[in-house]
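Encoded as structure tokens, the structure appears first; notes follow it.
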Amino acid sequence: MRPTSFISCSAVVLSTSTVVVGLSLHRHRPSISHTTSLTPPILRSNTALRLGDLDDLSDYGKNRVNSELDSLISKRDAIKKNIVANTKPDDDTPPIDEMSDDDIAKMLSDEADIDDMFSKDYVPTFNTKRGPSRTGLSSGDSGGVLDGEEEDDEDRALFVDWTEDYDDENEFHIPNRIGFTTAEWGDKKKGFVAGKLKKKDRKEGKFNKTDLKKAYEKLQQNGVSFVETSESSSFAEAFINNFISECEHGDRPLVASTFANPWKHAIKTKSLPRKGSKAVVDAAEASCERMGVSSMSLYQVKNPYFYIGGTSALAEGMLDVISDDHSRYVGCINMSTSKLAKLQRQLRAQGEFVATNQFDFSLTNRKSLAMIEACKKMNITPLCTNVLDGGLASGKYTSVNPTGGEVSKGEGDTGPYSVRTLEKLDTLFKVQDGLREKVNSRIGDKLSKFDSGKAPKINREITTTQIAINYVKAKGAVPLIPVNNVKLANEVLGCLGWDLTEEEVLELDKACKTCGV
């Protein structure tokens, strides 16, 4: 991020700290009608700060705002002192203490070495333009955090790219192009335990609320701020409510929830199926209340296959969710290309757009590769779930190690996959493991060029699981990984700061085709 933006942002924030921000604009909008014209998307301003009235904030929220302002003030003062000590102004230049923030920002824009001054500084939330990320190694290099122990704030390697700009993204920006999902939270079948865990439970991979809280906080503090949940799991939304208020965050969390399939919801709640646009709005409002937020970052609608009221009712409801400020953006889950295109046309006609579409995709399940391309053409961000294909894509289980090194569940236990299935993927797994070593070597080469003690603390033990996750990113999608403990959180953080090169992606593609994937 250029320092000019930093000073300008801090100046704006400091001079407007007493202004109430977060007005919700309700505009009269004609009802949705079937249209065939494809109008260009209307770009919103990225300068809107959704902070709300300070009087309405919780004590935690007030402390966070005051902390941000105090931090920005101290940084501005430090900058001024630095310039006083190191800059000799021209005769017609006023003393630094008499200069306005705008004048300082203008002067800094001409400083050739100013980037070095801010290379490790905190990137403020209030930035409105996205430029190259200044944390970690550059694109194509390697980095990340994979450390089981907590680090001090000054030592923690944060790969937060709040200002990173991606050529193929729309207005909805997901930091580091990665997120996590609460799909397993509160689910006993997935290993959730309501109370304390015994040693036996730990060995079996079970988890409880404390594990979820630690994992959530670990991710939020280290640059993975996008968390996806659903109203189908009332436990998950309630947990998020608690964690948002109890945990420290690296920045404001980006929360997404989901309008459940109306037919499954009817069966689960023993009620009539939802219908019309109002059902979408009511569900979004209820999710906000359960999570304790005034507005979500993203609200998703699952493909109902048949919805009472039709696609127009869904589109109307999604637009109302935005206009009522229940969510900043809206997206879809498992929508077909035709339905997605129809919804996109209807929303664009009203000045909004479908921001995301979520579906399964992984290194060993590439059936939705065409959907990624379709989303890109419609300027929709693909969100991918099941990115490890239930564990098969992790490279952990192979024909020579079918149990993945896990403790045997008893006599005759040969692991979760048949040897025949694993043998079919041998070529892919060998390439995957080879790339793990190659990327690790690449990281070592890059870090060796830093002066002693100045190398960033990044992940130098890349795993085949991380290769599989970053393969999804390399295909232009945002992977959503289920995380329920700190170990898994560290696995996700180890994906940050580095990318697979084009050649490495081609190697994996070729291996997939050889294996018939």
Side-chain angles (χ1 to χ4, degrees), residues 144 177-181 183-184 189-191 205 228 333-334 357-376 381-406 409 413-440 461-484 487-488 491-492 494-495 498-517:
R177 299 196 88 160
I178 196 168
F180 62 106
T181 174
E184 298 179 354
K189 294 180 180 179
K190 298 294 184 179
E228 186 264 354
I333 296 181
N334 290 327
N357 186 36
Q358 182 187 135
F359 49 89
D360 287 356
F361 178 80
S362 70
L363 185 60
T364 53
N365 177 16
R366 308 194 310 155
K367 295 177 182 177
S368 298
L369 191 58
M371 177 57 78
I372 292 178
E373 297 302 320
C375 285
K376 293 298 181 181
T381 299
L383 303 180
C384 290
T385 49
N386 199 18
V387 295
L388 297 178
D389 198 11
L392 183 61
S394 67
K396 178 180 179 181
Y397 307 98
T398 64
S399 60
V400 296
N401 185 20
T403 63
E406 297 176 348
K409 297 179 181 179
D413 178 27
T414 58
Y417 305 100
S418 68
V419 175
R420 183 177 180 181
T421 297
L422 297 175
E423 286 178 341
K424 178 184 176 182
L425 298 171
D426 271 346
T427 301
L428 174 60
F429 294 150
K430 288 178 182 178
V431 170
Q432 203 172 345
D433 190 55
L435 289 180
R436 174 188 62 79
E437 296 179 356
K438 185 176 180 180
V439 172
N440 276 324
E461 297 180 1
I462 304 301
T463 66
T464 51
T465 294
Q466 291 159 357
I467 294 293
I469 293 173
N470 274 12
Y471 174 79
V472 176
K473 289 177 63 177
K475 287 299 181 180
V478 175
L480 300 179
I481 302 97
V483 175
N484 52 42
K487 182 179 179 180
L488 292 173
E491 190 80 61
V492 173
C495 297
W498 61 275
D499 299 307
L500 293 170
T501 64
E502 290 185 13
E503 292 77 11
E504 291 164 350
V505 174
L506 287 174
E507 279 188 66
L508 289 169
D509 285 339
K510 184 178 179 180
C512 286
K513 292 179 181 178
T514 300
C515 296
V517 177

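Index from 1, following the sequence.
Within the 4.5 Å cutoff, no side-chain heavy atoms of Asn386 are placed close to those of Ser362. Taking 4.5 Å as the limit, every side-chain heavy atom of Ser394 sits out of range of all side-chain heavy atoms of Gln432. Annotation: side chain of Leu392 is not in contact with side chain of Tyr397 (no heavy-atom distance under 4.5 Å). Side-chain contact between Leu488 and Phe180 is absent, with no heavy-atom pair separated by less than 4.5 Å.
Note that NZ of Lys473 is 5.5 Å distant from CG of Asp499, once rounded to the nearest 0.5 Å. If you take CG on Asp389 and OH on Tyr417, they are separated by 6.0 Å, rounding to the nearest 0.5 Å. Considering CG of Leu388 and CD of Gln466, their distance stands at 10.5 Å, rounded to 0.5 Å. To the nearest 0.5 Å, atoms OG (Ser418) and CD (Glu423) are separated by 8.5 Å.
The side-chain contact (heavy atoms from CB on, under 4.5 Å) test with Val478 is passed by exactly one of Val472, Val387, Leu383: Leu383.
When the salt bridge (Lys or Arg N to Asp or Glu O under 4.0 Å) test is applied to Glu507, the partners found at least two apart in sequence or on another chain are Lys438. In terms of the side chain to side chain donor-acceptor pair (under 3.5 Å) criterion, residue partners of Lys475 (sequence neighbours excluded) are, by chain and number, Asp509.
For the pair Asp433 and Lys430, the salt-bridge criterion is not met [side-chain N within less than 4.0 Å of a carboxylate O].
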